[in-house]
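Basis for what follows: all heavy atoms, side chains included, without hydrogens, waters or symmetry-related copies.
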Amino acid sequence: MGEKVKIIECPRDAMQGLKKIIPTEVKSAYLKKLLGVGFHTLDFGSFVSPKLVPQMKDTPEVLGQLPKNDSRTRLLAIVANIRGAEMALKFDQVDYLGFPLSLSATFQMRNTNKSMVEAMDTLKEIHRIGKEKGKDLVVYLSMGFGNPYGEDYSIKSVTSAVKELSVEGISIIALSDTIGVATPELIYEVVSEQISHFPDIEWGVHFHSRCGEEEEKILAALEAGCRRFDGAILGFGGCPMANDDLVGNIPTEKLVMVLKSKGFETGINEAALNEALEMAQQVFH
């Protein structure tokens with residue numbers, strides 16, 4: 001038995017940018033299928049403004065249809081403000097809250113309509129109220145490998161932000177390549193540096209990538225010591241801010257293949273994964 005890794009499936013990230021609204025019953029059926037695959041966590045939906053993200057307006061209804069007790073997979077809901085966090089915390093099925101914190105002031109404002117100071121203050125309050133309910137906060141540190149806005153970026157800026165999160169008691173951080181610019185060399189340098197400085201934090205990576213570049217990015221993070229990986233079946237999704245239709249999520253099936261080839265234990269039921277792959281073709285077309 002090899003070393004275990006955690007695979008986080010992100011159907012929310014795959015769905016949220018679609019112009020076609022997926023019916024609630026279709027979303028629920030797809031998520032139920034994913035709950036049987038063996039993922040560590042399912043990033044299933046978000047409690048955000050329906051005006052900004054219409055695809056996620058039925059998250060409460062979808063959540064109410066998920067048979068959480070029948071699966072060992074944990075549920076993560078993305079929130080961007082206190083109101084969203086309070087809505088998510090009404091549901092016992094939610095195990096994690098996820099908050100998008102950016103190293104880019106421009107992207108933070110575009111993504112959450114907050115300055116970086118306001119975003120950090122909001123994060124701290126969400127962490128506080130989440131702890132009262134026994135829910136962990138997963139921080140997605142976006143633009144973690146650079147940004148397209150001409151703003152200063154350095155590994156020191158990553159470390160500085162993480163230091164503040166560490167002082168706050170954040171225990172899970174996913175370094176996010178929001179626009180697919182990270183090279184394997186930079187991935188290794190950033191991830192290894194953070195793990196060495198903050199070994200008590202559970203480190204994950206959330207990559208957006210062009211087709212053909214996924215494996216080298218996965219391997220670089222593995223070599224740096226990362227054992228938590230986000231993916232989306234068939235590589236659907238990505239960041240609308242990237243302005244590049246070729247930049248999507250790391251395909252989960254590719255992620256599983258690479259991790260298995262290196263001897264890691266993924267916990268994935270491959271027959272169930274294949275069924276989910278077939279179903280995804282229908283959901284996203």
Side-chain angles (χ1 to χ4, degrees), residues 8 10 12-13 16 41 43 45-49 52-53 56 76-86 88-89 94 96-131 135-149 151-182 187 190-191 193-195 197-198 200-208 221 226 228 230 237-242 249:
I8 288 71
C10 302
R12 184 269 319 166
D13 205 14
Q16 66 180 4
T41 300
D43 175 0
S46 59
F47 290 86
V48 295
S49 169
L52 296 177
V53 190
M56 294 290 108
L76 180 149
I78 295 293
V79 298
N81 52 40
I82 305 300
R83 181 173 179 273
E86 290 173 340
L89 290 171
V94 173
Y96 297 112
L97 299 179
F99 185 86
L101 182 71
S102 185
L103 292 173
S104 161
T106 301
F107 187 75
Q108 190 72 64
M109 183 60 66
R110 291 187 181 192
N111 199 32
T112 65
N113 197 33
K114 291 178 175 59
S115 70
M116 295 177 76
V117 171
E118 291 170 333
M120 185 64 78
D121 289 343
T122 299
L123 180 155
K124 292 176 180 179
E125 179 61 14
I126 290 173
H127 186 219
R128 185 190 69 78
I129 64 177
K131 284 198 299 185
K135 311 296 185 183
D136 286 329
L137 180 63
V138 178
V139 175
Y140 283 89
L141 197 55
S142 72
M143 301 298 175
F145 300 90
N147 69 72
Y149 306 116
E151 298 165 310
D152 289 339
Y153 168 85
S154 68
I155 297 179
K156 286 184 179 180
S157 67
V158 180
T159 304
S160 177
V162 172
K163 183 176 181 180
E164 187 170 359
L165 294 171
S166 177
V167 170
E168 173 61 20
I170 300 300
S171 59
I172 308 173
I173 299 175
L175 295 164
S176 303
D177 183 15
T178 318
I179 54 172
V181 297
I187 290 169
V190 172
V191 175
E193 183 84 0
Q194 300 316 308
I195 290 176
H197 278 97
F198 307 98
D200 294 334
I201 289 176
E202 180 181 330
W203 288 100
V205 288
H206 181 102
F207 293 138
H208 293 166
C226 181
R228 178 187 177 100
D230 286 20
C239 177
M241 303 303 296
N249 284 288

**Study point:** Q16-S46 side chain donor-acceptor pair, cut-off 3.5 Å
**Key:** no
Check your understanding: Between the side chain of K135 and the main-chain N/O of V94, is any donor-acceptor distance below 3.5 Å?
Key -> yes
Review point. Is the side chain of Y153 donor-acceptor paired with the backbone N or O of G144 at a distance under 3.5 Å, no angle test?
Key: yes
**Study point:** Residues E125 and R128 bridged, charged N to O under 4.0 Å
**Key:** yes
Review point. Side chains of H206 and D177: donor-acceptor distance under 3.5 Å anywhere?
Key: no
Study note, to complete from the structure: Heavy-atom nearest pair, I170 first then I201, reads O-CG1, 3.7 Å
Study note, to complete from the structure: With sequence neighbours left out, the residues meeting side chain to side chain donor-acceptor pair (under 3.5 Å) with T159 are Q194
Check your understanding: Any side-chain heavy-atom pair from E151 and L103 closer than 4.5 angstrom?
Key -> no
Check your understanding: Who are the side-chain contact (heavy atoms from CB on, under 4.5 Å) partners of V138, not counting sequence neighbours?
Key -> L76, Y96, Y140, I172, R228
Check your understanding: Among all residues two or more places apart in sequence or in another chain, which pass the side chain to side chain donor-acceptor pair (under 3.5 Å) test with E193?
Key -> none
**Study point:** Residues which pass side chain to side chain donor-acceptor pair (under 3.5 Å) with S115, listed by chain and number, not counting sequence neighbours
**Key:** E118
Point to revise | L123/L137 under side-chain contact (heavy atoms from CB on, under 4.5 Å): CA gap, chis, key distance, verdict | key: CA-CA 9 Å; L123 180 155; L137 180 63; 4.0 Å; yes
Point to revise | By side-chain contact (heavy atoms from CB on, under 4.5 Å) - contacts of A80 (at least two apart) | key: V48, T112
Point to revise | Student check: side-chain heavy atoms of I173 and L101 closer than 4.5 Å | key: no
**Study point:** Atom pair CG (N81) and OG (S49), whose distance is rounded to the nearest 0.5 Å
**Key:** 8.5 Å
Check your understanding: Looking at side-chain heavy atoms only, is the closest gap between I187 and F207 below 4.5 Å?
Key -> yes
Practice item. State whether the side chain of H208 and the backbone N or O of I179 hold a donor-acceptor pair below 3.5 Å, judged by distance alone. Key: no
Exercise for review: Would you please name every residue forming a side chain to side chain donor-acceptor pair (under 3.5 Å) with S102, sequence neighbours left out?
Suggested key: S142
